[in-house]
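One structure is given below, encoded as structure tokens.
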Amino acid sequence: MAARFLSKSSSGSSLLGALGTSLVGVGSVARQTTSKLTYSDIFFQQQRTFVQMGTKLKVVDNSGAKRVMCIQALKSKKGAKLGDIIIGSVKEAQPRGKVKKGDVVYGVVVRAAMQRGRCDGSHVRFDDNAVVLVNKQGEPIGTRVFGPVPHELRKKKHVKILALAEHIA
Amino acid sequence: MASSSLLPHSLLSLPTASSRFPKSSLTISSISFSLNQVSITRTGSVAFQPLVRRGRESTFGIARAGETGEETPAETGGDESTTETVEEESSVAVAVEEKPPKKPIVKLNEIIGILNKKAIEEAETIKVVPDIKPGDIVEIKKEKANRRRLALYKGIVISKSSSGVHTTIRIRYMTSGTAVEIVFPVYSPKIKEIKVVSHRDVRRAKLYYLREKLPRFYTFKKK
């Protein structure tokens with residue numbers, strides 16, 4: 001298993017026009033392994049890009065779904081960033097939940113591996129892609145949210161998710 | 001008039017810090033450099049010529065006709081003996097009336113450095129920015145958008161990007177099972193306090209390898 005050497009992609013300039021992840025075919029790496037970084041790992045650099053059609057995201061509320069695949073990023077042709085809403089299809093769900101496998105749901109991206117700039121010059125990025133399922137009005141389906149959420153949700157008027165969150169990054 | 005047979009190379013020997021004023025009408029009054037050519041004009045009277053810039057000196061003084069008289073006794077003696085070295089003739093005799101000394105000329109390539117210094121000085125009044133290196137474990141207090149309590153971030157500095165007033169540090173920390181990386185502009189007025197809590201010995205300037213490592217390397221308890 002080759003370790004993925006993540007390159008720090010500056011938001012904007014290095015991602016212009018690069019819609020897909022420019023990844024040489026490497027299987028997914030378990031996050032927690034400590035593998036020795038060899039010289040060949042440098043070639044497995046990955047550009048973090050938008051959440052777009054086909055992106056699998058983790059669901060971090062207790063709505064019942066586990067994983068969701070993005071089928072449409074609303075609002076932008078390039079893809080969704082931190083704080084945007086996506087339409088997804090539930091790929092994996094818990095047996096007794098509010099949603100089941102195959103449902104088409106709306107979700108708010110609460111954690112993204114692509115960094116998002118804030119107006120004070122800071123940038124924030126998380127280590128995984130995560131989503132909170134909402135209904136069409138923007139209210140969360142579940143009643144709990146796990147993990148940190150960013151400030152950006154306040155501007156996007158997802159105040160309820162912020163209220164349920166464990167930690168606001 | 002002291003005549004000196006000037007060799008081309010001797011013209012390029014510059015004096016040290018002190019800028020000399022040219023003699024009034026004893027020797028070569030001005031030498032103007034243009035690219036590789038050197039043209040020497042000898043004039044008996046005071047002449048005005050454009051100021052020539054040098055890379056080394058940052059301050060220039062325009063020669064005053066009145067002052068040269070005081071310097072000449074000391075310098076003529078020296079000049080006669082050292083005909084090889086030519087005084088720096090870039091500061092030129094001007095017209096008869098005295099002008100106040102010109103302010104130091106700011107070169108174009110220094111402007112950004114000066115502006116950055118000014119901006120950093122302004123930012124330092126809000127808080128004192130300590131010397132941060134990658135591997136430091138740092139606590140940052142930042143003002144939030146709604147201006148209530150200060151948000152506290154504690155993490156390890158994995159990279160520092162220096163560029164004047166937009167020097168940024170990238171902090172990595174772990175909360176609630178997920179790792180977060182935030183880039184902070186160090187001189188931002190929103191950041192109220194930066195404190196280096198401890199330091200970890202690292203042999204890199206950028207610690208991106210921490211992303212592949214176990215989370216315990218970037219997990220820190222707050223308080």
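Proteins get letters first, then strands, A, B, ... in listed order; numbering begins at 1 in each.
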NZ (A:Lys101) with more than 12 external heavy atoms under 6.0 Å: no

B:Lys141, NZ atom: more than 12 neighbouring heavy atoms under 6.0 Å: no

Check: B:Arg172 and A:Asp127 side chains under 4.5 Å, non-hydrogen atoms: yes

Pairwise distance OG(B:Ser176) to CD(A:Glu166) - rounded to 0.5 angstrom: 4.5 Å

B:Lys160, NZ: over 12 other non-hydrogen atoms inside 6.0 angstrom: yes

Flag if over 12 foreign heavy atoms under 6.0 Å of NZ, B:Lys192: yes

Salt-bridge present (A:Asp120, B:Lys144; N to O < 4.0 Å): no

Intermediate values then yes/no, side chain to side chain contact (heavy atoms under 4.5 Å, CB included), A:Ser122 and B:Lys190: CA-CA 10 Å; A:Ser122 60; B:Lys190 289 237 180 263; over 6 Å; no

Residue, of A:Pro150, A:Gly121, A:Pro148, A:Ala130, that accumulates the most heavy atom pairs under 4.5 Å with chain B: A:Pro148

Neighbour count >12 (heavy atoms, 6.0 Å) for atom CZ, B:Arg204: no

Full working for side chain to side chain contact (heavy atoms under 4.5 Å, CB included) between B:Ile182 and A:His123: CA-CA 6 Å; B:Ile182 308 190; A:His123 298 271; over 6 Å; no

Worked check of side chain to side chain contact (heavy atoms under 4.5 Å, CB included) between B:Val180 and A:Arg125: CA-CA 6 Å; B:Val180 185; A:Arg125 49 162 277 169; over 6 Å; no

